[in-house]
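Everything numeric here is computed off the predicted structure, so don't read it as measured data.
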Amino acid sequence: MKKNGSAIYEFMRVHVPEEDILLNEPMYKHTTFRVGGEARCLIRISEYRQLVKIIPYLKEVEVPYFILGNGSNLLVGDKGYEGVILQIGSRMNDIKAEGDCIRAGAGALLSQIARFAQESGLTGFEFASGIPGTIGGGVVMNAGAYGGEMKQVVKEVTVLSEQGEVLIISGDDMEFGYRTSIIKRRPFVVLEVLIQLQPGDKEEISQCMEELAGKRREKQPLEFASAGSTFKRPEGYFAGKLIMDAGLRGYSIGGAKVSEKHCGFVVNTGNATAADVAEVIWEVQEKVKDKFGVALETEVIFLGDF
């Protein structure tokens, strides 16, 4: 963002309140890993019309940008990010019922939507109740847990193209796969999601969510900052078991560690740097590949300079 920085800032001020333009913003405040250097500019987005102006402009002036939700699968380098972070969060999180469907803004947390569905007597979204992300991010990566995933419930997704055009993509056209979607491969920004659920009993839905929450507390290292499951499941294997069998349970560098509770999680024990986390991830990948010939792919996105 150093190139034409003042001109870019002045453009942003025209379309975004000044208090929502944060310069040199520490990214540890915006990721669940609680690590990361400064973003040169972070903009808190309040409505899609701001994105309609900003994204085509950034493309025109060739400034990189990154769409941030809850930061739950993101590792930002200690040296920060030179581009613009566009944060879609609590200001774009409206949730409303439409018959057996729920329409949610991209910044709505999956946990909020799951609770809203329960209160509305709608079942089918319980699996997402403990996933620590927004529905925008959840759709991009086809988030899932406990046998459920976004592709099972998404009816349509409203997106913004880099040219500033608002499009609606049906669930069937989202090209959902394991932790991927068409949006992983094309420069769309999720604005809104319509999910299709079914009528259900409120008490049964609540009980199911409580049972899943109990399983998470029992099996996942929720007491530490992390990005959730660090690695994708390799075909025919379980990442956590491979890591454990490679003798890496508890393996640590600085303040980052392979969780002893669940080896599929790399956690921040309290004073990790982004470099610590990255080095643990890379070491795990190397040792598992050497021992078992399996390449572990991360669910975590690496952003910026390490």
Leu68 vs Leu74, side chain to side chain contact (heavy atoms under 4.5 Å, CB included): CA-CA, chis, key distance, verdict: CA-CA 9 Å; Leu68 176 71; Leu74 181 65; 3.6 Å; yes
Hey, mind stepping through Glu203 and Gln207 against side chain to side chain contact (heavy atoms under 4.5 Å, CB included) and telling me if it holds?
-> CA-CA 6 Å; Glu203 289 301 319; Gln207 184 177 352; over 6 Å; no
Trace of the side chain to side chain donor-acceptor pair (under 3.5 Å) decision for Glu18 with Tyr9:
CA-CA 10 Å; Glu18 193 165 4; Tyr9 181 73; 3.0 Å; yes
Point to revise | Stepwise side chain to side chain contact (heavy atoms under 4.5 Å, CB included) test for Ile195 and Ile113 | key: CA-CA 10 Å; Ile195 58 174; Ile113 298 168; 3.9 Å; yes
task: Carefully, step by step, assess Arg103 and Val193 under the rule side chain to side chain contact (heavy atoms under 4.5 Å, CB included).
output: CA-CA 6 Å; Arg103 188 177 297 276; Val193 181; over 6 Å; no
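Under the 4.0 Å criterion applied to side-chain N and carboxylate O atoms, Arg249 and Glu260 are not assigned as salt-bridge partners. In this structure, Lys215 does not pair ionically with Glu211, as no charged nitrogen and carboxylate oxygen lie closer than 4.0 Å. A salt bridge is defined here as a Lys NZ or Arg NE, NH1 or NH2 lying under 4.0 Å from an Asp or Glu carboxylate O, and Lys202 with Glu119 fails to meet this definition. Residues Lys232 and Glu299 are not paired through a salt bridge, judged by the lack of any N-O separation under 4.0 Å between the basic side chain and the carboxylate. Between Lys257 and Asp276 there is no salt bridge, since no side-chain nitrogen of the basic residue lies less than 4.0 Å from a carboxylate oxygen of the acidic one. By the 4.0 Å N-to-carboxylate-O rule, Asp305 lies too far from Lys79 to be salt-bridged with it. Looking at Arg13 and Glu10, a side-chain N of the basic residue comes within less than 4.0 Å of a carboxylate O on the acidic one, giving a salt bridge.
Atom NZ of Lys59 sits in a sparse spot, with 12 or fewer heavy atoms from other residues, nucleotides or ligands closer than 6.0 Å. For Asp201, the CG atom sits in a packed shell: over 12 heavy atoms of surrounding residues, nucleotides or ligands are nearer than 6.0 Å.
Annotation: side chain of Tyr65 is in contact with side chain of Ile67 (closest heavy-atom distance under 4.5 Å). Residues Gln118 and Met209 have side chains in contact (heavy-atom distance under 4.5 Å, counting atoms from C-beta outward). In this structure the side chain of Tyr81 never reaches within 4.5 angstrom of the side chain of Met27, judged on heavy atoms. Taking 4.5 Å as the limit, some side-chain heavy atom of Asp20 sits within range of a side-chain heavy atom of Arg91. Taking 4.5 Å as the limit, some side-chain heavy atom of Leu109 sits within range of a side-chain heavy atom of Asn70. Side-chain contact between Lys155 and Cys101 is present, with heavy atoms from C-beta onward closer than 4.5 Å. With contacts defined as side-chain heavy-atom distances shorter than 4.5 Å, the pair Gln196/Asp100 qualifies. For the pair Ile88 and Val189, the minimum side-chain heavy-atom distance is below 4.5 Å.
Aromatic ring centres of Phe127 and Phe125: separated by under 6.0 Å.
Phe176 contributes atom CZ, which lies 9.0 Å from atom CD of Glu149 (distance to the nearest 0.5 angstrom). Distance OH/Tyr48 to CG/Leu160: 9.0 Å, rounded to 0.5 Å. For the atom pair CD1 (Ile135) and CE (Met92), the distance works out to 12.5 Å, reported to the nearest 0.5 Å. Expressed to the nearest 0.5 Å, how far CD1 of Ile21 lies from CG of Leu42 amounts to 10.5 Å. For the atom pair CD1 of Ile205 and CZ of Arg115, the computed distance is 10.0 Å after rounding to the nearest 0.5 Å. Atom NE2 of His15 sits about 11.5 Å away from atom CD of Glu47, to the nearest 0.5 Å.
In terms of hydrophobic clustering, with Ile, Leu, Val, Met, Phe, Trp and Tyr side chains grouped at heavy-atom distances under 4.5 Å, Val157 and Ile95 are assigned to a common cluster. Residues Val153 and Ile183 are members of one and the same hydrophobic cluster, defined by side-chain heavy-atom contacts under 4.5 angstrom among Ile, Leu, Val, Met, Phe, Trp and Tyr.
Scanning both residues, Lys289 and Ala295, for their nearest heavy atoms gives CD-N, 3.9 Å.
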Less than 3.5 Å apart, which donor and acceptor atoms pair up between the side chains of residues 167-175 and the rest of the protein, not counting sequence neighbours?
| unit_1 | atom_1 | unit_2 | atom_2 | d |
| --- | --- | --- | --- | --- |
| Ser170 | OG | Asp173 | N | 3.3 |
| Ser170 | OG | Asp173 | OD2 | 3.1 |
| Glu175 | OE1 | Arg185 | NH2 | 2.9 |

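Between the Ser161 side chain and the Glu165 main chain, a donor and an acceptor come within less than 3.5 Å of each other.
For Arg233 and Tyr178, the positive end sits near the middle of the six-membered ring, less than 6.0 Å away and at most 45° from its axis.
Applying the 4.5 Å side-chain rule to ILVMFWY residues, one finds Phe33, Val35, Leu75, Phe231, Tyr237, Leu242, Ile243, Leu248, Tyr251, Ile253, Val258, Val266, Val277, Val280, Trp282, Val284, Val288, Phe292, Val294, Leu296, Val300, Phe302, Phe306 in the same cluster as Ile281.
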